[in-house]
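Before any comments, here is the structure.
All of these numbers come straight from a predicted model, not from anything done at the bench.
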Amino acid sequence: MKKILYTMASAAMLLTTACESMDMEPLSQGNSESWYSNELELEMATNEFYILGYWNQPLEGSEQWTDNFTYRQQNRNPGSNGTVLDGTMNGQQWEVYNLWQQSYKLIARANTLLANYHKAAGTMTEEKLNRFAGEAYFCRACKYAELICYFGDVPYMDGTETITAAEQKGRRNKDEVKELAYADFDRAIEYLPVSYGNAAQHATRGAALAMKARFALYNGDFDLAADAARRCMDLKVYQLEPDYSKLFLQSTKENPEKIFFIPRSIENKVVLDQWYVNNGLPRCAGGYGSDNPSWDLFAAYLCTDGLPVDESPLFDPRNPFANRDPRCTKTIVEFGTEHCGFDYNPRPDVMQVMNYTTGSMQSNQDNRAVNQYASYNGLVWKKGIDISWTENGKQVERDYMMMRYADVLLMYAEAKIELGELDATVTDAINQVRARAYGVAVGATTSYPAVELGTQEEMRKAVRIERRMELANEGLRYMDLIRWKLAAKALNGYNYINLPPTELLNNIVKKDLWFWGMTPQIDEDGLADFSALYNAGLVALGAKRVFPDRQYLWPIPTHDIELCPNLKNNPGY
């Protein structure tokens with residue numbers, strides 16, 4: 001999809017959520033008894049499907065629930081790692097309530113259109129009429145898919161009954177809801193166009209195929225995932241953007257790698273939340289520098305010989321960005337390089353850095369010896385962040401991307417691996433993604449560490465690390481850990497941080513032990529172990545991550561359970 005129409009009035013509108021309120025008629029759509037009677041009304045109704053609030057949870061915030069992320073505030077108060085990773089999830093927290101609320105809002109909109117769109121029959125072609133229905137089926141499928149992945153069994157409504165009525169029936173078995181969601185995806189695939197030409201675009205057939213593949217992969221239906229991903233690839237309308245860095249910048253709008261996204265626009269006052277902007281920008285550039293890539297993620301990037309850091313002779317813990325997969329320095333800012341108009345260098349003895357806007361040196365606010373609130377672990381995000389974030393009053397119109405072609409390739413490869421169908425299409429899919437990172441053709445196997453066909457276990461490990469390197473900070477790591485049953489292992493432990501500045505200067509810099517005094521070890525699941533560095537006094541413990549097994553499923557919102565007692569909570573809550 002290229003661009004999506006949306007109305008600002010509806011984007012700003014927030015309906016009160018609860019058991020008794022989700023049946024409210026969206027005011028911007030008019031009364032359903034007199035609406036949906038012509039093409040204009042159907043177009044306006046489907047525009048409402050793409051209100052950003054329906055879609056930007058959980059993806060846009062979920063990286064902070066993973067081992068890819070660390071937040072300064074958490075590390076200032078060890079033991080307080082946020083609701084998802086401190087083991088205290090409950091049905092009253094915002095993440096739970098918002099995901100439930102927004103999903104059922106969009107489902108209600110989709111159901112209302114499906115119950116009424118026939119009124120416009122005869123005013124347009126059947127193909128166009130079906131397209132509007134296809135959008136509703138797509139949205140309903142996506143939201144039910146998301147709900148059962150997070151909550152398991154959920155109330156199901158496919159008509160204009162109120163959510164109250166649906167919840168009074170209790171939670172429907174997730175396997176039944178799953179099959180209904182697959183059927184909706186299939187209708188969307190049948191009805192949606194491959195492209196909208198030059199018209200403003202909504203969900204496409206490719207988006208429906210790709211989202212079905214993701215949902216099937218999450219549910220272990222690998223045959224369906226492989227088939228849907230392959231059919232998306234066979235459309236021949238998507239391709240990898242040659243420049244990995246360019247893809248995520250706010251200046252990059254239409255792009256053949258983007259399959260499903262919602263655009264932001266400064267002109268239309270739909271911009272990235274200031275919390276994300278300020279926390280993502282380094283302190284020298286006027287931000288907080290407090291949303292940080294974790295050391296776990298940094299250690300996960302392979303070296304240019306295709307080996308992990310603890311196996312490759314190319315890795316130097318004192319120069320940890322050298323000889324790494326190119327996506328490492330395109331995702332995390334390399335020390336001593338320009339970022340957002342300044343040299344970024346958190347090394348404790350670097351007190352001044354170049355300001356490229358003024359052409360002069362200035363105090364290094366990204367050094368904890370200068371500013372105690374600089375990044376606690378020395379790392380800041382680069383992916384999607386550039387100097388343009390400091391312009392226009394820090395208003396950022398970076399598109400909200402939910403699906404891109406690289407993910408489809410990796411989903412296809414993973415599904416085939418899990419099916420035991422190990423063939424050249426598997427390695428080709430992975431290597432297309434990896435070769436792009438190195439800026440070479442997939443066939444130039446002497447110019448990048450191409451993945452070779454191996455055992456199922458070897459291929460499983462290869463595609464999982466490829467996903468982590470390729471998709472970091474795109475909101476997919478959390479559900480990957482959940483479906484791989486690695487969350488309890490990866491998310492119980494500590495964020496590691498640098499020691500206080502004085503100790504860093506005395507114990508690390510003067511002893512030439514910056515950045516890491518020794519190489520972290522990587523286990524069979526690609527997870528890093530920093531215990532040796534900690535035992536040697538080279539790092540400190542930040543916030544402790546706690547992920548009990550019960551959190552593989554989220555709790556049902558407390559307010560809905562109180563209003564609808566037939567809703568039973570998930571075990572452990």
Checklist entry - Under 4.5 Å between any side-chain heavy atoms of Arg545 and Tyr494, yes or no? => result no
Checklist entry - Can the ring centroids of Phe260 and Phe138 be said to lie less than 6.0 angstrom from one another? => result yes
Checklist entry - Side chains of Asp67 and Arg468: closer than 4.5 Å at any heavy-atom pair? => result yes
Checklist entry - Hey, do the aromatic rings of Trp65 and Trp554 have their centres closer than 6.0 Å? => result yes
Next on the checklist: Could you check whether Glu60 pairs with Arg264 (Lys NZ or Arg NE/NH1/NH2 to Asp/Glu carboxylate O, under 4.0 Å)?
Outcome noted: yes
Next on the checklist: Can you confirm if the aromatic rings of Trp55 and Phe49 lie within a centre distance of less than 6.0 Å?
Outcome noted: no
Next on the checklist: Centroid separation under 6.0 Å, is that true for the rings of Tyr244 and Phe248?
Outcome noted: yes
Next on the checklist: Just verifying a value: how many Å separate Glu135 CD and His202 NE2, rounded to the nearest 0.5 Å?
Outcome noted: 5.5 Å
Checklist entry - Are any of the side-chain nitrogens in Asp234 or Arg231 under 4.0 Å away from the carboxylate oxygens of its partner? => result no
Next on the checklist: Parallel, tilted or perpendicular, judged at 30° and 60°: which one describes the rings of Trp275 and Tyr71?
Outcome noted: tilted
Item to check | Residues Lys174, Asp153: salt bridge by 4.0 Å N-O rule | outcome: no
Checklist entry - Can we say Asp407 and Arg467 salt-bridge, meaning some charged N sits less than 4.0 Å from an Asp/Glu carboxylate O? => result yes
Checklist entry - Is the shortest side-chain N to carboxylate O distance from Lys178 to Asp221 below 4.0 Å? => result yes
Checklist outcome for this item: Rounding to 0.5 Å, atoms CE (Met157) and NZ (Lys169) come to a distance of 9.5 Å
Checklist entry - Does Tyr137 reach the side chain of Phe185, with side-chain heavy atoms less than 4.5 Å apart? => result no
Next on the checklist: Please determine whether a side-chain nitrogen of the Lys or Arg among Glu241 and Lys258 lies less than 4.0 Å from a carboxylate oxygen of the Asp or Glu.
Outcome noted: no
Checklist outcome for this item: Value for CD (Gln168) from CG (Leu563), rounded to nearest 0.5 Å, stands at 9.0 Å
Checklist entry - Is the NZ or CZ atom of Arg131 positioned over Tyr191's six-membered ring, under 6.0 angstrom from the centre and within 45° of the axis? => result no
Checklist entry - When rounded to the nearest 0.5 angstrom, what distance separates CH2 in Trp389 from CD in Gln250? => result 8.0 Å
Item to check | Pairwise distance CE(Met401) to CZ(Phe261) - rounded to 0.5 angstrom | outcome: 8.5 Å
Next on the checklist: Whether Glu190 and Arg187 form a salt bridge (side-chain N of Lys/Arg under 4.0 Å from carboxylate O of Asp/Glu) is what I want to check.
Outcome noted: no
Next on the checklist: Please report whether the ring centroid of Tyr117 lies less than 6.0 Å from that of Phe132.
Outcome noted: no
Checklist entry - Thinking salt bridges, do Lys461 and Glu466 make one under a 4.0 Å N-O criterion? => result no
Checklist entry - Going by an N to O cut-off under 4.0 Å, is there a salt bridge joining Asp186 and Lys212? => result yes
